[in-house]
Number of protein chains: 2
Amino acid sequence: MATSGQASGGRRDARLTEQGIYTAALRLIDADGVGALSMRKLAAVLGVNPMSLYHHVPNKAALLRGVKNLIAAQFRPRVDGGIWQEQLYRFARDFRALAHQHPNLIVHSLASPDFIEPEDPFWTGLTGILTRAGVPATEVAAVGAVLTSLFSGFLLAEGNGTLGRLAVLQPTPTAGPATASSADAGGDRNFTFAVQTLIAGIEAHLPR
Amino acid sequence: MATSGQASGGRRDARLTEQGIYTAALRLIDADGVGALSMRKLAAVLGVNPMSLYHHVPNKAALLRGVKNLIAAQFRPRVDGGIWQEQLYRFARDFRALAHQHPNLIVHSLASPDFIEPEDPFWTGLTGILTRAGVPATEVAAVGAVLTSLFSGFLLAEGNGTLGRLAVLQPTPTAGPATASSADAGGDRNFTFAVQTLIAGIEAHLPR
DNA sequence: ACCTGAACACCGTTCAAGT
DNA sequence: ACCTGAACACCGTTCAAGT
């Protein structure tokens, strides 16, 4: 029951709704990727004329933004408890879990501008942790922006497979890549190393 | 038919060349972005029938890959001189300079799989630096993969404007974003902080 | 060997018209 | 107010035919 959006006058199924359009689009994206989403296919899934969508969504870009906001609103980071390093680790883990739930959408969103908005719980949660860590107020935004960009790169590379592909390369080209049996463990190790790197960067940047 | 000269710079002459197709495509991408590139527009620029392109390039995906390889081959990292921290900083700076030369192409490539290939000078250069830094041979690939993903995220966010937008947010919402006069200095500061973070992560990961 | 025209199966979106 | 059909201006790609 996360979203407290509007819920005003929710008709029954028959009527076309902005929310209904977004959730149907999300289902298509989860199944086949953002590239396979089209206004016409979405209309077909909803059993409606393609042009009917334009009475609820101005265009395809707005549609994608709406779907993104639908799941961005689900992110409720827990930023309390423990020292700030633990808070940041938990924060990163929560966000990564969200990315794993909808990898197609997240990979697309991370690669495009305007994914993070200043009002998002993501940004307010992150800047809060940085402030409690002791980052000077004048530098919280810059530090948060850099950390966001770095971590987005990790999630993006993890989501599109680049990370897994490169991480198993053997130093000597004679041997092939390692077996995929330890892929999950390796992925978690990569994640831990990535977050430790970000934490080390913050620590090195704190005023002494 | 006179020309037997095969200097592959098929400009507007007559003969269509794979290289000529790639460079023309790169020009279009630099001007208007990857999204504005189409086989038909590219053919129009080359003064040729759209279908003629398919005799030299199998499809659009291969076209984009060819353009990417065209500029990936230009990256010749200088990995010698100084301690490994200096080598890594120089390496990152060189790669960032390449990204600034063709931002539209790089932003698109960073977001898609297969941008980094194991034979690329990028990967061999990076793994070489990590090895000299003392990263155990069994972990060079994983560490290099994570660092690549993190740094890609930085370049991506820098290229699509997300980084600059978030970095200037003020802690108190009352004040607007800072003036853009110091944008370049801020960008360089962000870059320095990003690379320092990566270095700190490596240092923390080195065997004691 | 290289190039081309016509055609197919798609797109997003506008607009005037229906109810 | 909401929905629709027809139409416009595009796509990538196949195929048979030209030279």
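Letters A, B, ... are given to chains in the order of the sequence lines, protein chains preceding strands, and every chain is numbered from 1.
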Legend entry - Pairing string, 5' to 3', for DNA chain C - Watson-Crick or wobble contacts under 3.5 Å, brackets [ ] where pairs cross, | to another strand: ||.|||||...|||||.||
Inset, instruction - Classify every nucleotide of nucleotides 8-19 of chain C by which part a protein heavy atom approaches to under 4.0 Å, writing B for the base, S for the sugar-phosphate alone and - for neither, in 5'-to-3' order. - result: ---BBBB-----
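OP1 or OP2 of C:dC3 has at least one side-chain nitrogen or oxygen of B:His56 nearer than 4.0 Å. Not one side-chain nitrogen or oxygen of A:Ser52 sits closer than 4.0 Å to the OP1 or OP2 atom of D:dC2.
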Could you pull out every donor-acceptor pair under 3.5 Å between side chains of residues 55-66 of chain A and any protein atom, sequence neighbours left out?
from	atom 1	to	atom 2	distance (Å)
A:His56	NE2	A:Leu16	O	3.2
A:Asn59	OD1	A:Ala61	N	3.3
A:Asn59	OD1	A:Ala62	N	3.0
A:Lys60	NZ	A:Leu37	O	2.9

Output a table of donor-acceptor pairs, distance under 3.5 Å, between side-chain atoms of residues 70-80 of chain B and any protein atom two or more places apart or on a different chain; print 'none' if there are none.
from	atom 1	to	atom 2	distance (Å)
B:Arg76	NH1	B:Ala73	O	3.4
B:Arg78	NE	B:Asp94	OD2	3.3
B:Arg78	NH2	B:Asp94	OD1	3.1

Distance-only donor-acceptor hits, side chain of residues 97-108 of chain A, under 3.5 Å, sequence neighbours excluded:
from	atom 1	to	atom 2	distance (Å)
A:His100	NE2	A:Arg96	NE	3.4
A:His102	ND1	A:Asp30	OD1	3.1
A:His102	ND1	A:Asp30	OD2	2.8
A:Asn104	ND2	A:Ile29	O	2.8
A:Asn104	ND2	A:Asp30	O	3.3

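The shortest distance between side-chain heavy atoms of A:Thr197 and A:Phe193 falls below 4.5 Å. Side-chain contact between A:Phe154 and A:Leu198 is absent, with no heavy-atom pair separated by less than 4.5 Å.
For the C1' atom pair drawn from D:dC8 and C:dC10, the interatomic distance equals 15 Å after rounding to whole Å.
Per the geometry, CG belonging to A:Leu42 stands 15 Å off C1' belonging to D:dC3, to the nearest Å. Note: CD (A:Glu18) to C1' (D:dC2) measures 15 Å, nearest angstrom.
Side-chain contact of A:Tyr22 with A:Glu18: a donor-acceptor pair under 3.5 Å is present, judged by distance alone.
Closest of all the heavy-atom pairs between A:Ala167 and B:Ala141 is O-CB, 3.4 Å.
Scored by the side-chain hydrogen bond (donor to acceptor under 3.5 Å, both in side chains) test, A:Arg27 finds no partners at all (sequence neighbours excluded).
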